[in-house]
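For reference, the structure discussed in these notes is given below.
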Amino acid sequence: MIELDHVVKTYQREDGTPVPALRDITCRIDAGEFVVIRGASGSGKSSLLNILGCLDTPTSGVYRLAGEDVSRYSDAERSAVRSRRIGFVFQSFNLLPRTTAVENVEVPALYATAEVDRDRALALLQRVGLGERSRHFVTELSGGEQQRVAIARALMNSPPLLLADEPTGNLDSAVGDSIMELLTDL
Ligand code: ADP
Ligand code: MG
């Protein structure tokens with residue numbers, strides 16, 4: 001499913017100084033695997049996830065997703081790959097404010113297809129334990145509930161790959177545990 005071959009990511013400071021984030025990553029993750037990446041702050045976890053999620057590209061090396069070399073894809077090509085293959089959950093939820101839970105879950109479908117399956121969005125909210133909250137504005141929901149909406153949204157297009165960058169980082173530990181439990185179930 002995921003193959004990284006000598007992936008390097010080096011950022012550039014404003015003054016041109018290079019900032020190495022990923023030095024030489026080679027790994028393979030198969031379909032059906034559940035993998036946790038741990039490391040100190042600044043160790044490159046987000047840099048790696050952004051590449052895996054086709055939000056960013058490696059400075060050098062190869063990333064193959066489902067056999068497709070996406071390492072040098074343009075922004076538009078990566079957007080297309082994301083909407084077909086990847087669900088992404090962020091630490092800060094990144095939901096649309098002044099919008100209901102179910103409308104947030106439908107967003108990926110708007111990008112991928114012309115029509116939106118409202119019943120599917122409602123079923124996903126049910127699946128993450130928010131069936132009763134589907135018409136609430138996201139600003140009326142707790143942090144843990146907002147992250148559940150974000151997880152339902154990430155599943156809307158049935159992606160084979162679900163990525164989460166510190167999905168419990170903004171939650172207290174009990175709520176964080178319940179989010180990890182949900183991700184493990186999924
Ligand atoms: P983590 O997610 O593990 O905290 P990051 O991937 O965010 O680590 O960061 C890895 C390194 O890359 C850090 O030294 C960080 O300062 C640097 N870095 C991350 N993003 C940028 C960027 N856009 N520009 C310059 N340096 C960056
Ligand atoms: Mg990070």
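Keep in mind that this is a model prediction, so the values were computed, not measured. Numbering of ligands and ligand atoms starts at 1, following listing order.
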* Residues R78, I86; criterion side chain to side chain contact (heavy atoms under 4.5 Å, CB included); working and verdict -> CA-CA 10 Å; R78 279 185 284 114; I86 301 167; over 6 Å; no

* Please step through side chain to side chain contact (heavy atoms under 4.5 Å, CB included) for the pair L130 and E145, ending with a clear verdict. => CA-CA 7 Å; L130 283 183; E145 290 170 335; 3.8 Å; yes

* Might you work through the side chain to side chain contact (heavy atoms under 4.5 Å, CB included) test for D165 and L49, ending with a clear yes or no? => CA-CA 7 Å; D165 190 354; L49 280 172; 3.7 Å; yes

* Start with the C-alpha distance between Q147 and V128, add both sets of side-chain angles, then the distance that settles side chain to side chain contact (heavy atoms under 4.5 Å, CB included), and finish with yes or no. => CA-CA 10 Å; Q147 195 59 304; V128 300; over 6 Å; no

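Among all non-hydrogen protein atoms, the one lying nearest atom 22 (C) of ligand 1 is Y11 CD2, 3.5 Å. At the shortest separation from atom 9 (O) of ligand 1 among protein heavy atoms lies S47 OG, 3.9 Å. Remark: minimum distance from atom 8 (O) of ligand 1 to any protein heavy atom is reached at G44 N, 3.1 Å. Of all protein heavy atoms, the one lying nearest to atom 16 (O) of ligand 1 is V19 CG1, 4.7 Å.
V36 and I29 are not part of a single hydrophobic cluster, where members link through side-chain heavy atoms under 4.5 Å apart. Under the 4.5 Å side-chain contact rule for hydrophobic residues, L141 and L124 share a cluster. Both L122 and M156 are part of a single hydrophobic cluster, where members link through side-chain heavy atoms under 4.5 Å apart. The cluster map of Ile, Leu, Val, Met, Phe, Trp and Tyr, joined by side-chain heavy atoms under 4.5 Å apart, puts V107 and F90 in different clusters.
Using a non-hydrogen distance threshold of 4.0 Å, A40 registers as a contact of ligand 1.
Across the listed options G42, G39, P20, G42 owns the non-hydrogen atom lying nearest to atom 1 (P) of ligand 1.
Put simply, the side chain of E68 never gets that close to the backbone of L65: no donor and acceptor are under 3.5 Å apart.
Paired with L22 under the rule side chain to side chain contact (heavy atoms under 4.5 Å, CB included), one option of T10, L48, T59 passes, and it is L48.
Shown here are the protein N/O/S atoms lying under 2.8 Å from the Mg ion (ligand 2), water excluded: S46 OG.
Interface atoms of ligand 1 facing S46, defined by a heavy-atom separation under 4.0 Å, are 1 (P), 2 (O), 6 (O), 7 (O).
When only interatomic distances are considered, the shortest N/O to N/O separation between K45 and ligand 1 falls below 3.5 Å.
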